[in-house]
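Values below: every heavy atom of this structure, side chains too, minus hydrogens, waters and symmetry copies. Naming: A, B, ... by sequence-line order, numbering from 1 per chain.
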Protein chains: 2
Amino acid sequence: MLDMSSRKGSLTRERILDLAEAAVLEKGFAATSIDELIAAAGITKSGFFYHFKDKGELAVALMERYIAHNDAVLADIFRRADELNEDPLHGFLVAMKLFAEMTADLPSTHPGCLVASFCYQDRLFSQEVRDLAHRGVLTWRKLFLERLNRVAEHYPPKIPVDLEALADMANALVDGGIIQSRVMRDKAILPQQIMLYRDFVRAVFLGA
Amino acid sequence: MLDMSSRKGSLTRERILDLAEAAVLEKGFAATSIDELIAAAGITKSGFFYHFKDKGELAVALMERYIAHNDAVLADIFRRADELNEDPLHGFLVAMKLFAEMTADLPSTHPGCLVASFCYQDRLFSQEVRDLAHRGVLTWRKLFLERLNRVAEHYPPKIPVDLEALADMANALVDGGIIQSRVMRDKAILPQQIMLYRDFVRAVFLGA
DNA sequence: ACTGCAACTGTACCTGTGGTACAGTGGCGT
DNA sequence: ACGCCACTGTACCACAGGTACAGTTGCAGT
């Protein structure tokens with residue numbers, strides 16, 4: 001029989017990851033204690049080490065799950081935008097609108113970006129975690145760059161920009177927007193910045 | 001007599017702060033141990049606690065110093081740009097060019113932004129540290145917004161944007177650019193993003 | 001009913017770190 | 001000569017993070 005989640009699915013592992021992700025984004029990885037996680041999850045220390053052989057493996061699992069989820073969310077946004085629009089530029093602009101709305105609809109400020117969090121705690125992690133973060137950023141770059149290239153074929157840029165840098169700009173602005181939203185305790189900043197990015201992309205391809 | 005730095009200036013304290021800042025930006029605050037700092041500084045634990053009554057006070061001192069330094073750097077860039085140019089828009093564009101060049105000239109990737117680092121370790125710090133970060137972001141917003149308002153008086157915007165959001169965009173892009181530079185191990189990304197911001201500001205006020 | 005494995009629990013133990021307490025000292029300014 | 005700034009040295013403690021490993025429970029398949 002094919003069962004997709006190994007036996008009964010081990011939802012305990014997922015629960016640990018949920019708790020760990022939230023804690024790490026609030027206090028950092030080093031300050032997130034295993035004792036704290038197992039208390040919240042209602043298991044014992046041994047239970048934790050059954051799922052993760054050490055804290056490093058927790059970091060890997062957190063990153064893997066986060067990257068996969070992030071990629072899926074972005075792909076979904078672009079897919080929904082494509083359904084609403086044929087033209088590559090307007091599809092892109094609609095996607096950015098959807099993205100901004102999604103972040104604006106969050107109940108409080110965005111919980112944070114694990115890649116950004118981990119990048120300031122670099123030396124705590126294995127090469128594997130750093131490689132995961134690297135691939136995560138590369139995936140975003142690729143997803144945006146593909147779209148921007150397709151747009152550029154139909155709309156010759158009015159402002160000469162490196163499209164790869166323009167692709168990276170989205171990621172940079174999201175990470176930076178999250179940081180500002182958190183520091184300023186103003187959840188409106190992130191969606192605002194995404195909309196500004198949208199304005200810029202429109203200006204690049206359509207002019208002011 | 002007026003001496004500006006309390007007696008002989010206590011350069012030990014500065015050395016601790018230098019070491020702590022570098023360590024915190026690499027591993028995070030919680031993972032930076034006092035033992036490690038005193039070993040690197042060549043002092044004893046007692047020496048450390050003479051300067052900082054606890055670790056929390058170290059965090060406050062780090063943030064204060066970082067914010068002050070950051071503000072000074074930005075103010076200097078704008079001042080130098082003003083010397084080269086009278087027009088508010090071109091002064092701003094020159095400043096962004098100088099900024100990009102400054103970050104490009106760093107020997108390796110940018111060491112990182114303490115505000116960004118601390119924002120993902122929020123719960124470790126006192127309200128005082130959070131307030132410092134808050135004020136740091138506010139100062140950047142204010143510095144950029146003043147300039148942008150002056151520009152807008154002479155150049156009616158061709159693209160309708162919220163100037164406060166446009167001011168915040170600089171900060172967001174710098175923080176995001178640093179993160180991407182670190183994760184991708186490519187120091188060119190940060191200056192590239194600053195130059196993209198410059199392109200956007202020019203497009204806003206001059207059109208594509 | 002028996003076997004086997006996933007998913008845990010229980011107990012014991014070691015280390016490193018943060019932090020306290022306090023007495024002592026070298027050198028410089030006045 | 002006096003004082004005080006900027007430390008050093010020694011001793012100590014509580015506790016969290018982390019390791020190790022043997023034992024237990026419950027469900028699945030045959």
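- B/F48 places its CZ atom 17 Å from the P atom of C/dA21, with the value rounded to the nearest Å.
- Although no hydrogens or angles enter the test, the distance criterion places a donor-acceptor pair under 3.5 Å between the side chain of A/K187 and the main chain of A/L106.
- Among the protein residues, B/S46 comes within range of the nucleic acid bases, having at least one heavy atom under 4.0 Å from a base atom.
- In the set C/dG19, D/dG18, D/dA16, D/dA16 carries the atom at the smallest distance from any side-chain atom of A/D35.
- At least one donor-acceptor pair closer than 3.5 Å links the side chain of B/R198 to the backbone N or O of B/L93.
- At D/dA6, none of the side-chain N or O atoms of B/H51 fall inside 4.0 Å of OP1 or OP2 (strictly under the cut-off).
- To the nearest angstrom, C1' of C/dA21 lies 16 Å from NZ of B/K53.
- Note on B/T12: a side-chain N or O is less than 4.0 Å away from OP1 or OP2 of D/dC7.
- Remark on DNA chain D: of its neighbouring residues A/A30 and B/T44, the 5'-side contact belongs to B/T44, judged by nearest-heavy-atom nucleotide.
- Following rounding to the nearest Å, A/I38 (CD1) and D/dT19 (P) show an atom-to-atom distance of 13 Å.
- The CZ-C1' distance, from A/F49 to C/dA7, rounds to 16 Å in whole Å.
- Remark: the backbone N or O of A/R135 is paired with a side-chain donor or acceptor of A/T139 at under 3.5 angstrom.
- If you check every strand for non-hydrogen atoms under 4.0 Å, A/K45 touches a base.
- The six-membered or imidazole ring of A/F118 lies near that of A/F125, with a centre-to-centre distance under 6.0 Å.
- Atoms CD1 (B/I43) and C1' (D/dG9) sit 14 Å apart, rounded to a whole Å.
- The CG atom of B/D54 sits 14 Å away from the C1' atom of C/dT17 (whole-angstrom rounding).
- When rounded to the nearest whole Å, the span between CG of B/L11 and P of C/dC28 equals 14 Å.
- Phosphate proximity of D/dC7 to B/Y50: absent, as no side-chain N or O sits under 4.0 Å from OP1 or OP2.
- In this structure, the ring of A/F78 has its center no less than 6.0 angstrom from the ring center of A/F99.
- Taking atom CG of A/L58 as the reference point, atom P of D/dT19 lies 12 Å away to the nearest angstrom.
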